[in-house]
Amino acid sequence: MSRVLFASSEAHPLIKTGGLADVAGSLPRALHALEQDVRLILPAYAECKTRAGKLKPVASLEVNGQRVSLLESRLPGTRVKTWLVDCPLFFDRPGNPYLDPDGEVWPDNAQRFALFCQVISRVSLDQAGLYWQADIVHCNDWQTGLVPALLTLAAQRPATVFTIHNLAYQGLFSYETFKSLGLPPHFWHHEALEFHHQLSFIKGGLVFADRINTVSPTYAREIQTPEFGNGLDGLLRHRKQALSGILNGIDTDEWNPGSDSHLPQKYNRRSLGKKVINKLALEKTFNLPEDAERLLIGFIGRLVEQKGVDIIIQALPELVKLPLKFVLLGSGQREYESALNKLARQHREKIGIRIGYSEQLAHQIEAGVDTFLMPSRFEPCGLNQLYSLRYGTPPIVRGVGGLADSVVDANEETLEDGSATGVVFHADSAEALLDAVQRTLSLYNDKKSWKKLQLAGMRQDFSWRQSAQRYLELYQSARKANPCPIGL
Ligand code: ADP
């Protein structure tokens, strides 16, 4: 049994902007089921405090001149003990954890997450008055990156694991900011937190953690190359002995077409024929003509370059010439939002766009569309293709990162041996995407092959149990690698 402090800037269902929240909402629960003493720690955003239910103040400490309280609760729907770091000046605000209501980054993000890191490190060292000592601190993404660095200042410390959910977000700030945070001057070094004359939060994790991992084996390899390394590939190659990849699981209770309360019609492998009821309802929701036959393609996600949204926009005028329809749910860069809205106005019968965030509609899209599109430029793991597989919605994906690790391309051989689960394409272009959609259309028109593809996906096991077991092994190896463990 290990005592694990799981640190994240978001966790579903308390607060979510992306895949990190799904992981932080599920992995601690899976670790708890494997009898680990796991505690989740995250900032007490206003939304979290409302959703957490009963909160008990359990400690109070002063960090960087700020009074901080720790509020204890359970992650809703689980037994996982959760500590919310309450510092209203920093976390009790409108907008999302990183952006103000106008979509601009909060100007004091460095101060906000540096304070969060200080608290995590104090809690892990049992210096917050909680009478609990961590064996492992599991940090996630740049917002927790300073923790492994700060813990090297302690004579004895817990082992540290740093998980990269997306290397593109690094937490970069100026030298002046570095000075204002009161970090030890020796951290300003290219072998520590300095990155091309800037402070890099993520380097705290990449340089100092006992073990680093990312959320798929392919992404773990890709980030060691200049193409995917965001300038950090050299460092990651240097640390390759400490670096591994573990594919994310999914919350199979939350994402289960057989019991999903968001759906007009539940279904499973044996009642797959009922899926079409969700399709018709979804078309109605998007004001598209109801049509059970035509291929309906879906997309959900952040409207940013990473997700290949520009390729979709480029391809749509050609796509709508084919016998298919397209629905999209997402928000992000304004120019993408307006280009998509414009296309929807030009092709009212074929394209449905919903700008915004809706958990319920996301479930309805996974169940209602025939195929799910993910033309990502890079994808550390990706969750929507996993949900799609489980919902009998074969995905069309670009063969990168976790998409390459979870979807088997339908070709003669894989269709024959029953391993095919979707369509994989490789080039980063609208032509390649169109070509993949054409291939999907031919598969879809062959009802027998299509059903085989749907069932093969639905049979896959992407539950957290296996991945959580891999994390336990990672924790063991981090503990072995820790040069100054506590209690020896
Ligand atoms: P990323 O973390 O890069 O955004 P992932 O595929 O790992 O991408 O996870 C995204 C998660 O956020 C998925 O659960 C997806 O369904 C959800 N999501 C993204 N955008 C929206 C949206 N507009 N409405 C509802 N859910 C969304």
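Counting convention: from 1, in listed order, for ligands and their atoms alike.
- Leu146 is listed as a side-chain neighbour of Leu193, based on a closest heavy-atom distance under 4.5 Å.
- Between Trp255 and Tyr387, the two ring planes are parallel [angle under 30°; tilted spans 30° to 60°].
- Between Glu290 and Lys279, no side-chain nitrogen of the basic residue sits less than 4.0 Å from a carboxylate oxygen of the acidic one, so the salt-bridge criterion is not met.
- Relative orientation of the Tyr45 and Phe91 rings is perpendicular, given thresholds of 30° and 60° on the angle between their planes.
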Please tabulate, one line per pair, the protein nitrogen or oxygen atoms found under 3.5 angstrom from a nitrogen or oxygen of ligand 1, with distances to 0.1 Å, or say none if there are no such pairs.
unit_1, atom_1, unit_2, atom_2, d
ligand 1, 2 (O), Gly19, N, 2.6
ligand 1, 3 (O), Arg302, NH2, 2.8
ligand 1, 3 (O), Lys307, NZ, 2.8
ligand 1, 4 (O), Arg302, NE, 2.8
ligand 1, 6 (O), Leu383, N, 3.0
ligand 1, 8 (O), Lys307, NZ, 3.1
ligand 1, 9 (O), Gly19, N, 3.2
ligand 1, 14 (O), Lys16, NZ, 3.1
ligand 1, 14 (O), Asp22, OD2, 3.1
ligand 1, 16 (O), Asn384, OD1, 3.1
ligand 1, 23 (N), Gly356, O, 2.8
ligand 1, 24 (N), Ser358, N, 3.1

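- For Lys16, the side chain to side chain donor-acceptor pair (under 3.5 Å) criterion is met by Asp22, not counting sequence neighbours.
- At a threshold of 4.5 Å between non-hydrogen side-chain atoms, the residues Ile313 and Leu340 count as touching.
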